[in-house]
There are 2 protein chains.
Amino acid sequence: MNLKEIGEFGFIDRIAARTVPGSGVALGIGDDAAAIIPVPGLQTLITTDMLVEGVHFELSFTTPSELGRKSLAVNLSDIAAMGGKPRFALLSLAVPPGLPLEFLDAFIGGFISRAERYGVALIGGDTCASRSGFVVSVTLIGEQRPDRVVRRSGARPGDRVYVTGTLGDAALGLELLRRGERDGAAVNRHLDPLPRTEAGLALAEARVPTAMIDVSDGLLADLGHILRQSGFGAAVFLDRLPLSPEYLNRICDLFDDRFALALSGGEDYELLFTSPADREEEVLALFNSPALPVALIGEITSAPGLALIAPDGVPYTPKYRGFDHFS
Amino acid sequence: MNLKEIGEFGFIDRIAARTVPGSGVALGIGDDAAAIIPVPGLQTLITTDMLVEGVHFELSFTTPSELGRKSLAVNLSDIAAMGGKPRFALLSLAVPPGLPLEFLDAFIGGFISRAERYGVALIGGDTCASRSGFVVSVTLIGEQRPDRVVRRSGARPGDRVYVTGTLGDAALGLELLRRGERDGAAVNRHLDPLPRTEAGLALAEARVPTAMIDVSDGLLADLGHILRQSGFGAAVFLDRLPLSPEYLNRICDLFDDRFALALSGGEDYELLFTSPADREEEVLALFNSPALPVALIGEITSAPGLALIAPDGVPYTPKYRGFDHFS
């Protein structure tokens, strides 16, 4: 069976049949719009991300199920960075002729498995033909109390700078994929990232972060957003960057600068946040599970700009910058 | 100046500078997610539509400003079909290399002009590169009281079937564009549709419609959605279909069936709705402005299926079906 046989509306029915009614959903897939019931007192958080074949993913590298999972994960990461609880998703697909129905079924399966794992209901979307590559656009809706929503703009001088997990693995994985490798922890970090949903929510509920962002364009670029929007600078100590064993093992063969991918690689989908110095113990207590470490990597400064300090204590100039789609 | 010079974040700043803070917006463009403040007691309506170059539009036919306006209009039409009030939009763009910044500026200008016209605040989105065509994905958020939201599923036998405006003009316009024409009312209907936002809201506030949908895939396909989801059939009288002077003037030279595009053309973005027979006067009173006529075209029947009745009173079999992206 192929997409042409079942048609656009048959395909939509096929997706709808795999979804379960979510709480708070007044009207799901199948009308002109979905309808949701907001929880009184909560703000609605909305984010959207588009993934384009040949730009964000290569079908030769990734399985359809991985791509489905990642399409939701990158949006979950944005809601996590606001300290929000994810609730509802819309999924739009532009499908090139010849993409088999089995591919789409596996993609939807991956998407829905991540949705169920994180308590998200798929409530709508759009499907259309594409004359060129496969394009995925996801809109994710979350919620949080107004006094718990964490912006990028709240960092203050003296705040500590933290990052969850490890940096640079996803970019390392992409580099290894391009060189022909097909498995390993770093490759998996690129193909199938896990959003930090629970950590973002726990931080917000404890009102620990003054500012937060997810690391999608690389630490330098994303810390840059916090600094610009907060109006201050920062000092970051390179010997404190959390690097995985695989990263440390492989980076020197690939780059002349072992911090290159940790600083500028992107797609880490870790949480980067700032918090007052006197709350350090609370921050560490929130991350007492060994599954997700947190690293204190620097400090917000009243002096503008981002000062990187090399392990030998001298200022360090990065060779690479963060990802920009148009540069 | 080009996109490469200003970069992804420069482009986002450029868009943000053209937006004004909207009421109900806690956090607009520039964070990991936008935050909105729901109005107590209202449901949140959400729709999303993707427009793909070469499938939904041809850059040789359309100006960037028209495309920006249409990208929002097709989503406004979906919220109108729910009887909702549009409030907030997210705009995602996949931009091919070489698309000039002037094109994007004009596109954004068109989008924002429609947003302002309909009281919509642009609160977020995504921008990325495209290896192939220009892709636009819009998510539109509206609101309405739960007892005013109009679904597709509420049509009952004896209900009258109405449609606003005229049918077939947009499809005629597309046909004329393909034959080299570049202006006229029908061409304009295809390139720059006007959503029936005020009519949809007025109908919902008066609690007139039992079911409603916007005509985007053609009357047959979209009435078919109402019939399938309501579980009934309908009879439609072809001599009651609202056809414009330009349509009547041009259709016979193009098609051997003068109802072809009115029944199956699509992209009309008119409202198709059903309402109890005893509320006919109320319906007509709501459309007392000559700018937007309404036509009573048929009736819901307990017998399943859609019966089309030709002007001579005999059953009619359409030669064309509605639009399906994969057929």
Side-chain angles (χ1 to χ4, degrees), chain A residues 3-4 6-9 11 26-27 30-38 40 42-50 52-56 78-79 81-82 84 88 90 92 94-95 123-133 135 137 139 141-142 146 149 151-152 213-214 229 324-327, chain B residues 3-4 6-9 11 26-27 30-38 40 42-50 52-56 78-79 81-82 84 88 90 92 94-95 123-133 135 137 139 141-142 146 149 151-152 213-214 229 324-327:
Chain A
L3 203 50
K4 204 170 164 178
I6 67 168
E8 180 180 356
F9 303 109
F11 181 56
L27 192 55
D31 216 300
D32 292 279
I36 58 174
I37 304 159
L42 302 190
Q43 285 184 354
T44 303
L45 305 169
I46 312 142
T47 187
T48 188
D49 264 311
M50 189 139 66
V52 177
E53 183 180 343
V55 176
H56 299 88
D78 281 319
I79 295 294
M82 303 301 294
F88 313 104
L90 291 93
S92 294
V95 182
I123 59 170
D126 189 25
T127 53
C128 63
S130 169
R131 288 278 165 80
S132 41
V135 181
S137 179
T139 297
I141 293 159
V149 171
R151 303 179 177 208
R152 296 176 175 177
I213 191 171
D214 75 319
Q229 294 189 30
D324 185 309
H325 266 283
F326 304 124
S327 292
Chain B
L3 203 51
K4 202 170 166 178
I6 66 170
E8 180 181 356
F9 303 108
F11 181 55
L27 192 55
D31 216 299
D32 292 278
I36 58 174
I37 304 160
L42 301 190
Q43 286 184 354
T44 303
L45 305 169
I46 312 143
T47 187
T48 187
D49 263 311
M50 189 140 66
V52 178
E53 183 180 343
V55 176
H56 299 87
D78 280 319
I79 294 294
M82 303 301 294
F88 313 104
L90 291 92
S92 294
V95 182
I123 59 171
D126 189 25
T127 53
C128 63
S130 168
R131 288 276 165 82
S132 41
V135 181
S137 180
T139 297
I141 292 159
V149 171
R151 303 179 177 208
R152 296 176 176 178
I213 191 171
D214 73 321
Q229 295 190 31
D324 184 311
H325 266 283
F326 305 125
S327 293

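Protein chains get the first letters and strands the later ones, always in sequence-line order, with residue 1 at the start of each. What you see is a predicted model; the values in this text were computed from it and never measured.
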*Look at B/Ala34, B/Ser132, B/Gly30 and state which one has the largest set of heavy-atom pairs under 4.5 Å with chain A.*
B/Ala34
Let me have the donor-acceptor pairs involving side chains of residues 43-50 of chain B, under 3.5 Å, with sequence neighbours excluded, atom names and distances please.
{"unit_1": "B/Thr47", "atom_1": "OG1", "unit_2": "A/Asp32", "atom_2": "O", "d": "3.1"}
{"unit_1": "B/Thr47", "atom_1": "OG1", "unit_2": "B/Asp78", "atom_2": "OD2", "d": "3.4"}
{"unit_1": "B/Thr48", "atom_1": "OG1", "unit_2": "B/Val138", "atom_2": "O", "d": "2.9"}
{"unit_1": "B/Thr48", "atom_1": "OG1", "unit_2": "B/Thr139", "atom_2": "OG1", "d": "3.3"}

*Of the backbone (N, CA, C, O) and the side chain (C-beta and beyond), which part of A/Ile123 lies under 4.5 Å from a heavy atom of chain B, both, or neither?*
side chain
*asked:* Check this for me: does any side-chain nitrogen of one of B/Asp31 and A/Arg151 sit under 4.0 Å from a carboxylate oxygen of the other?
replied: no
*Grab the two heavy atoms, one from A/Ala129 and one from A/Ala94, that are nearest each other, plus how far apart they are.*
O-CB, 4.2 Å
_Applying salt bridge (charged side-chain N to carboxylate O under 4.0 Å, His left out), can you list everything that pairs with A/Asp214, at least two apart in sequence or on another chain?_
none
*Could you look at B/Phe9 and say if it's the side chain, the backbone, both or neither that has a heavy atom under 4.5 Å from chain A?*
both
*asked:* Please identify, among B/Ile141, B/Val135, B/Leu27, B/Ile36, the residue contributing the most non-hydrogen atom pairs under 4.5 Å to chain A.
replied: B/Ile36
*Search all heavy atoms of B/Ser130 against all heavy atoms of B/Gly133 and return the closest pair with its distance.*
OG-O, 2.6 Å
*Heavy-atom proximity to chain B below 4.5 Å, by part of A/Leu90*: side chain
*chain B heavy atoms under 4.5 Å from A/Val52: which part of the residue, side chain, backbone, both or neither?*
side chain
